2 protein chains.
Amino acid sequence: MARVCFPNSELDWGTMAGTYEAQNCTLARALELIGERWTLLIIRDAFYGVRRFNHFRDHLDIPRAVLVERLATLVDNGLFVREQDPDHAARHLYDLTPLGRDLWPALHALLSWGTRLAGPNQLRFVHVTCGTEIDDHGDCPACHVNPPPADIATEPRDGKARGRTDAVAVALRQRHTLLQPLDAVL
Amino acid sequence: MARVCFPNSELDWGTMAGTYEAQNCTLARALELIGERWTLLIIRDAFYGVRRFNHFRDHLDIPRAVLVERLATLVDNGLFVREQDPDHAARHLYDLTPLGRDLWPALHALLSWGTRLAGPNQLRFVHVTCGTEIDDHGDCPACHVNPPPADIATEPRDGKARGRTDAVAVALRQRHTLLQPLDAVL
DNA sequence: TCAGTGAGGTTCGTTTTCCGAACCCGAGTG
DNA sequence: CACTCGGGTTCGGAAAACGAACCTCACTGA
């Protein structure tokens, strides 16, 4: 797995490989892990509760080999853990680690920015304890708190959520709390 | 410029090309514009005040052809404007539009997340009116406001900001307000 | 006025990555 | 004991990134 060359502001990584303490451009460092194509969409799906290889595959229409590679680097870098499915010997489960979950603010900020391009997101993000939709900063305007993803649920913005027919897309037509495994519904 | 295929949650873009209103996955839409390699680093440099082709080039060590292409799509998509330099007929200036500036929260969130990987960023982001370093949410903990980028300045975290020797990197060793053109210092 | 320089690109050949279809193998199922 | 499903690997073609060379225009200085 060749090192992706995302140069930073002040230091050359070619000569500094490994010395993370002296590193300054943390954006470049972040992009080295999550800046590749598909990666952020895989992480989004993980927040939605997707855990299995084929569910990522079906929902994203991503080439198998690319998904294998992305999941491997996400596991290598500590954003995901891969474990055996206790109920099915032949299955694996991919779960976000705390490091991966910490990406929620960045993910939500990008998603919010996207609404400036394409209008509101078809899935609403609501605070589970009060049902209010969270704002662009990720805050609940009713409770004046910044809920973590586990306190946020998705629901279709209006009734006409249509289009994809894969199992994940269908399951997300019901209200669903982030990070809750979708496996049960599938 | 082929359409980058970032599939969304519910709709297939192949069949929905152009109908942005019916679009739901705004993250996929956002990544279509800023998810390609180098793009977010170019935008970061624009926040730092970089405006000229060769300054992006020198600071990022990006291949010329790639930079040409990225700037063109950023202009096409309304994140940057390209204008003549009034003082030098042979120069162009690239500036962030309001749409591009709206990316600041997402950019800062990613940068903050990167500190969990590599330790603190070498550049600090401080609230210009009080000098306090802004927190992970982009808020000023002293003033309890969420300053826009124009109210945020960068300064080296400690004296030993070293490494790159290009003009932009050197200029950024002085305190500098975001979005203020660096041209004067260069 | 004319060589030299810097700015912003093009062009081109090589290497890397992406893509999609086909194949594979172990575990459960009927 | 055939069949399917889950999670991959392999392979050949297409696209993108890369880096070095080249090119044109505007200014500069002698």
Side-chain angles (χ1 to χ4, degrees), chain A residues 1-7 12-14 31-32 35-42 45 50-76 80-95 166-168 182-183 186, chain B residues 1-7 12-14 31-32 35-42 45 50-76 80-95 166-168 182-183 186:
Chain A
M1 192 96 29
R3 168 169 291 273
V4 180
C5 171
F6 272 122
D12 180 60
W13 286 0
L31 289 176
E32 192 177 295
E36 286 177 299
R37 205 172 155 186
W38 299 108
T39 301
L40 225 40
L41 293 173
I42 292 169
D45 275 11
V50 177
R51 307 175 80 198
R52 283 184 30 209
F53 185 92
N54 278 1
H55 290 157
F56 286 113
R57 162 112 242 278
D58 295 342
H59 191 49
L60 293 173
D61 284 326
I62 177 177
R64 304 173 89 82
V66 176
L67 181 54
V68 169
E69 210 220 85
R70 294 293 186 272
L71 286 173
T73 75
L74 286 169
V75 169
D76 285 351
F80 278 22
V81 284
R82 174 177 131 139
E83 50 208 281
Q84 282 284 333
D85 186 329
D87 301 328
H88 301 266
R91 289 188 189 174
H92 297 134
L93 298 176
Y94 295 90
D95 280 303
D166 63 273
V168 172
L182 272 175
D183 310 3
L186 296 177
Chain B
M1 190 98 28
R3 165 168 295 271
V4 180
C5 170
F6 273 121
D12 181 61
W13 286 0
L31 289 176
E32 195 177 290
E36 287 177 300
R37 205 170 157 187
W38 297 109
T39 302
L40 225 41
L41 292 173
I42 292 169
D45 274 11
V50 177
R51 309 174 79 198
R52 283 182 31 207
F53 185 92
N54 276 0
H55 290 155
F56 286 112
R57 161 114 245 277
D58 295 341
H59 191 50
L60 293 173
D61 283 326
I62 178 177
R64 304 173 91 84
V66 176
L67 181 55
V68 169
E69 210 221 84
R70 293 294 186 272
L71 286 172
T73 77
L74 286 168
V75 169
D76 285 351
F80 277 23
V81 285
R82 174 177 131 141
E83 50 208 282
Q84 283 283 334
D85 185 330
D87 301 329
H88 301 266
R91 289 188 189 172
H92 297 134
L93 298 176
Y94 295 90
D95 281 302
D166 64 272
V168 172
L182 272 174
D183 309 3
L186 297 176

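Every value quoted in this text rests on a predicted model; they were computed, and no experiment measured them. Naming: A, B, ... by sequence-line order, numbering from 1 per chain. Just so it is clear, the values below take in all heavy atoms, side chains as well, and ignore hydrogens, waters and symmetry mates.
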Nucleotide [N], atom [atom2] - distance to [atom1] of [X] in whole Å:
X: B/Arg37; N: D/dA16; atom1: CZ; atom2: P; value: 14 Å
X: A/Glu36; N: C/dT17; atom1: CD; atom2: C1'; value: 9 Å
X: B/Glu69; N: D/dA15; atom1: CD; atom2: P; value: 14 Å
X: B/Asp183; N: C/dG6; atom1: CG; atom2: C1'; value: 16 Å
X: A/Ile62; N: D/dT9; atom1: CD1; atom2: P; value: 14 Å
X: B/Arg57; N: D/dC18; atom1: CZ; atom2: P; value: 11 Å
X: A/Arg52; N: D/dG7; atom1: CZ; atom2: C1'; value: 10 Å
X: A/Arg70; N: D/dG8; atom1: CZ; atom2: P; value: 15 Å

Measure the spacing between NE2 of A/His59 and CG of A/Leu41 and express it to the nearest 0.5 Å.
->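 Atom-to-atom, A/His59:NE2 and A/Leu41:CG are 9.0 Å apart.
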Interatomic distance, B/His55 atom NE2 to B/Leu60 atom CG [nearest 0.5 angstrom] = 12.0 Å
Can you list everything that forms a side-chain contact (heavy atoms from CB on, under 4.5 Å) with [X]? Sequence neighbours excluded, please.
X: B/Val68; answer: B/Phe53
X: A/Gln84; answer: A/His92
X: B/Val81; answer: B/Glu83, B/Asp95, B/Thr97
X: B/Arg57; answer: B/Arg64, B/Leu67

Any B/Trp38 side-chain N or O less than 4.0 Å from OP1/OP2 of D/dC18 = yes
Hey, which sits more toward the 5' end of DNA chain C by its nearest nucleotide, A/Val66 or B/Asn54?
-> B/Asn54
Shortest non-hydrogen contact from A/Ile62 to A/Phe56?
-> CG2-O, 4.3 Å
Its contact letters, B for base, S for sugar-phosphate only and - for none at protein heavy atoms under 4.0 Å, make nucleotides 9-15 of chain C read BB-----
Which parts of nucleotides 25-30 of chain D does protein reach within less than 4.0 Å, heavy atoms only, written one letter per nucleotide 5' to 3' as B for base, S for sugar-phosphate only and - for none?
-> -SS---
Please list, chain by chain and in numerical order, all residues satisfying salt bridge (charged side-chain N to carboxylate O under 4.0 Å, His left out) with B/Asp183, sequence neighbours excluded.
-> B/Arg51
By side chain to side chain donor-acceptor pair (under 3.5 Å), which residues pair with A/His88, not counting sequence neighbours?
-> none
Do A/Ile42 and A/Phe80 have side-chain heavy atoms sitting under 4.5 Å apart?
-> yes
Give me the bend of the helix from C/dT1-D/dA30 to C/dG30-D/dC1, using the axes of the five pairs at each end, rounded to 10°.
-> 10°
Is it true that a side-chain atom of A/Arg82 and a backbone atom of A/Ala72 form a donor plus acceptor pair closer than 3.5 Å?
->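 Side chain of A/Arg82 to backbone of A/Ala72, a donor-acceptor pair under 3.5 Å: no, none is there.
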